[in-house]
Amino acid sequence: MAIIVQKFGGTSVADAEKIRQAAKRVIKAVENGFGVVVVASARGKQTDQLIADALELNPNPPKREMDQLLSTGEQQSVSLFAMALDAMGYDAISFTGSQIRMITDSAHTKARIKSIDAERIHQQLDRGKIVIVAGFQGIDEHENITTLGRGGSDTTAVALAAALGAEQCEIYTDVDGIYSADPRLFKNATKMNEISYDEMLEMASYGAGVMHPRAIEFGKKYDIKIHVRSSSDESEGTIITHEVPQMEGVIVSGATIQKDMAKIGLVGVDNVPGNAAKVFAHLARAKVVVNDIVQTEVSAEKANLSFLIDISDLPAAREAVEKIKDEVNCQSIFIRDDIAEVSVIGVGMRSHYGVAERMFSALAEAKINIDSITTSEIRISCAVNKDEAEKALDVVCIAFELDKPAEQRNV
Ligand code: ADP
Ligand code: ASP
Ligand code: MG
């Protein structure tokens, strides 16, 4: 029996009517002969609410307890989903992450999946049941509940699709596909029919919250086509898939902003072997995810080192660099907590020139100062002041004609 994984995001299970609507999609797939595995997120804004509840009691809650709390949002959704299907005459069974042995590492609030026991799900599918799995959560090897990071239910879905050998993985959400930019921020963004894993991974890693980055990594590694589509209409969405030669014809496919970033600079570190390793070993031990590392030699004796982090990691990162400061003979530490990053992404950049110039000129004309610049083969990112981030996104989208369908762009 062919298996399909269908993931429903928070807005798609927000109330009883939405759950019934989602259940109808599931039933349609069952009637089409699929074994269906559903992954559900917490309802509506419930994860935000749980975080607020925690912060009301403790401004710096222990991460293990945070995961214990946050995982309950998804648990509610899956049991309600199973009840809805039962009321509609279909046999369903819900599982938490721990019940399907979704084993992760112990990095609470941003754990990574290590293995999944697909057997229990297969057994239930073989018995004719619809299996509903709580997204976003797992357990570590000491049976502590972990969560995968905000938006992590996407990763649960794609990882399950890989573990089960599913034929399809559908991500049902509140937009009808992947757009050239977040349509909430850039109103005239255009929808893509398909996008390569590499571009989507860069977009997701640099702020396009529509997909969790790890989900794309799993999709690419295990060759899972991911169909991102609307839970409220039947239209075809966007397929995330392997790159095909035509994709290179589009120079810039999308633009993103990542707000809520902080920058840490270590000024005047001793320019000797091993110092960068020491700094990043401390940050890794503190489980801080680091982006956009820049090191520059300023003299034969000294170097400056800077990097960006998510603002939520700032307390841990600050503590880590304070600890290592003297050991690397750092003259001063420089911290900014008002950084955002604007990025343009496209596989076509590999074979076209002038992209950087166009981006920097657009920002210059809008009088937006660029704090730092980083690039990959298919991405250019500029760190800017947080207050100017949305304006920066707007001017960059216009400069690359992201308001037009890809085939009509002249840049
Ligand atoms: P879900 O709860 O279904 O997982 P999310 O809120 O995580 O939904 O993701 C959907 C949202 O992602 C959209 O409402 C949209 O505002 C945002 N988004 C950001 N970038 C993009 C993009 N490039 N294309 C489509 N949506 C995007
Ligand atoms: N409920 C979690 C969140 O809001 C996970 C998810 O929705 O994917 O981030
Ligand atoms: Mg999401």
Side-chain angles (χ1 to χ4, degrees), residues 6-14 18 22 25 38-52 66-67 69-78 97 109-111 133-138 146-160 170-195 199-216 226-232 237-238 240 252-259 312 342-346 389-390 393 396-397 402-403 406:
Q6 298 187 320
K7 179 254 170 178
F8 295 91
T11 42
S12 314
V13 291
K18 291 267 174 62
R25 297 261 180 180
V38 174
V39 173
S41 290
R43 307 170 81 200
K45 299 261 170 246
Q46 207 190 358
T47 308
D48 293 334
Q49 185 56 51
L50 290 170
I51 293 171
M66 205 61 191
D67 280 351
L69 177 69
L70 295 189
S71 66
T72 63
E74 271 69 13
Q75 267 191 52
Q76 291 181 19
S77 299
V78 290
T109 73
K110 49 185 168 195
V133 178
F136 172 60
Q137 58 187 271
T146 54
T147 64
L148 309 181
R150 296 305 306 268
S153 298
D154 299 329
T155 296
T156 307
V158 182
L160 274 175
E170 295 182 323
I171 305 288
Y172 286 96
T173 183
D174 62 358
V175 270
D176 59 358
I178 310 289
Y179 280 69
S180 53
D182 185 342
R184 284 189 218 209
L185 300 177
F186 182 61
K187 295 272 169 295
N188 296 327
T190 49
K191 188 173 127 187
M192 306 180 212
N193 294 328
E194 55 181 14
I195 181 170
E199 286 173 315
M200 192 63 229
L201 179 58
E202 292 274 2
M203 284 186 67
S205 305
Y206 283 81
V210 61
M211 282 299 292
H212 194 238
R214 284 283 289 154
I216 313 301
I226 304 166
H227 188 174
V228 180
R229 58 193 308 189
S230 165
S231 55
S232 59
T238 303
I240 308 172
V252 167
S253 301
T256 60
I257 50 176
Q258 195 170 23
K259 292 184 187 163
S312 62
V342 181
S343 305
V344 293
I345 290 117
E390 287 188 20
L393 179 74
V396 164
C397 284
L402 296 182
D403 50 345

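Order of listing sets the numbers, starting from 1, for every ligand and every atom in it.
The ring pair (Phe, Tyr, Trp, His ring centres under 6.0 Å) check on Tyr172 picks up Phe8, with sequence neighbours excluded. A search for side-chain hydrogen bond (donor to acceptor under 3.5 Å, both in side chains) contacts involving Arg43 returns nothing, not counting sequence neighbours. Listed by chain and residue number, Thr11, Arg184 satisfy the side-chain contact (heavy atoms from CB on, under 4.5 Å) test with Asp174 (two or more places apart in sequence, or in another chain).
For the pair Leu148 and Gln137, the tightest heavy-atom approach, listed with the atom from each and the gap, is CG-N, 4.1 Å. In plain terms, the two heavy atoms of Tyr179 and Ala189 that are nearest each other are CD2-O, 3.4 Å. Of all the heavy atoms in Ala134 and Glu74, the pair that sits closest is CB-CB, 3.9 Å.
The shortest contact between atom 2 (O) of ligand 1 and any protein heavy atom is with Gly10 N, 3.1 Å. Here the protein heavy atom with the shortest distance to atom 4 (O) of ligand 1 is Lys7 NZ, 3.0 Å. In this structure, the protein non-hydrogen atom closest to atom 3 (O) of ligand 1 is Thr173 OG1, 2.6 Å. Nearest protein heavy-atom contact of atom 25 (C) of ligand 1 is Gly177 O, 3.4 Å. When only non-hydrogen protein atoms are considered, atom 14 (O) of ligand 1 lies nearest to Arg184 NH2, 2.5 Å. Scanning the protein heavy atoms around atom 13 (C) of ligand 1, the nearest turns out to be Asp174 OD1, 3.4 Å. Shortest contact from atom 27 (C) of ligand 1 to any protein heavy atom: Val210 CB, 3.5 Å.
Under a 4.0 Å criterion applied to the non-hydrogen atoms of Met203, ligand 1 contributes the atoms 23 (N). Ligand 1 places these atoms under 4.0 Å from at least one heavy atom of Tyr179: 22 (C), 23 (N), 24 (N), 25 (C).
Backbone and side-chain nitrogen or oxygen atoms of Thr11 are examined, and none is located within less than 3.5 angstrom of a nitrogen or oxygen of ligand 1. Ligand 1 has no nitrogen or oxygen under 3.5 angstrom from a nitrogen or oxygen of Ser180. When only interatomic distances are considered, the shortest N/O to N/O separation between Ile178 and ligand 1 does not fall below 3.5 Å.
The closest donor-acceptor contact from the side chain of Ser253 to the backbone of Gly346 lies at 3.5 Å or more, if one exists at all. A donor-acceptor pair under 3.5 Å is absent between the side-chain atoms of Thr256 and the main chain of Gly207, judged by distance alone.
In this structure, Asp48 CG and Arg150 CZ are separated by 4.5 Å, a value rounded to the nearest 0.5 Å. Rounding to the nearest 0.5 Å places OG1 of Thr190 at 7.0 Å from CE of Met192. Here the straight-line distance linking atom CG of Leu201 with atom CE of Met211 works out to 10.5 Å at 0.5 Å rounding.
The residues lining ligand 2, counting any heavy atom closer than 4.0 Å, are Ser41, Ala42, Thr47, Glu74, Phe136, Arg150, Gly151, Gly152, Ser153.
Between Gln46 and Gln76 there is a side-chain heavy-atom pair separated by less than 4.5 Å. Counting heavy atoms from C-beta outward, Val210 and Met200 have side chains that approach closer than 4.5 Å. No side-chain heavy atom of Lys7 sits under 4.5 Å from any side-chain heavy atom of Thr156.
The closest side-chain donor-acceptor pair between Thr146 and Asp67, if any, does not fall under 3.5 angstrom.
Counting heavy atoms closer than 4.0 Å to ligand 1, residue Met211 contributes nothing at all. In Asp182, the parts holding a heavy atom less than 4.0 Å from any atom of ligand 1 are both the side chain and the backbone. Contacts with ligand 1 closer than 4.0 Å are made by side-chain heavy atoms of Pro183 only, the backbone lying farther away.
Contact annotation for atom 23 (N) of ligand 1: protein present (non-hydrogen atoms, distance under 4.0 Å).
Ligand 1 lies out of reach of Ser12, whose nearest heavy atom is not under 4.0 Å from it.
Proximity annotation for atom 5 (P) of ligand 1: of Gly9, Ala208, Ser231, Gly209, Gly209 comes nearest, heavy atoms only.
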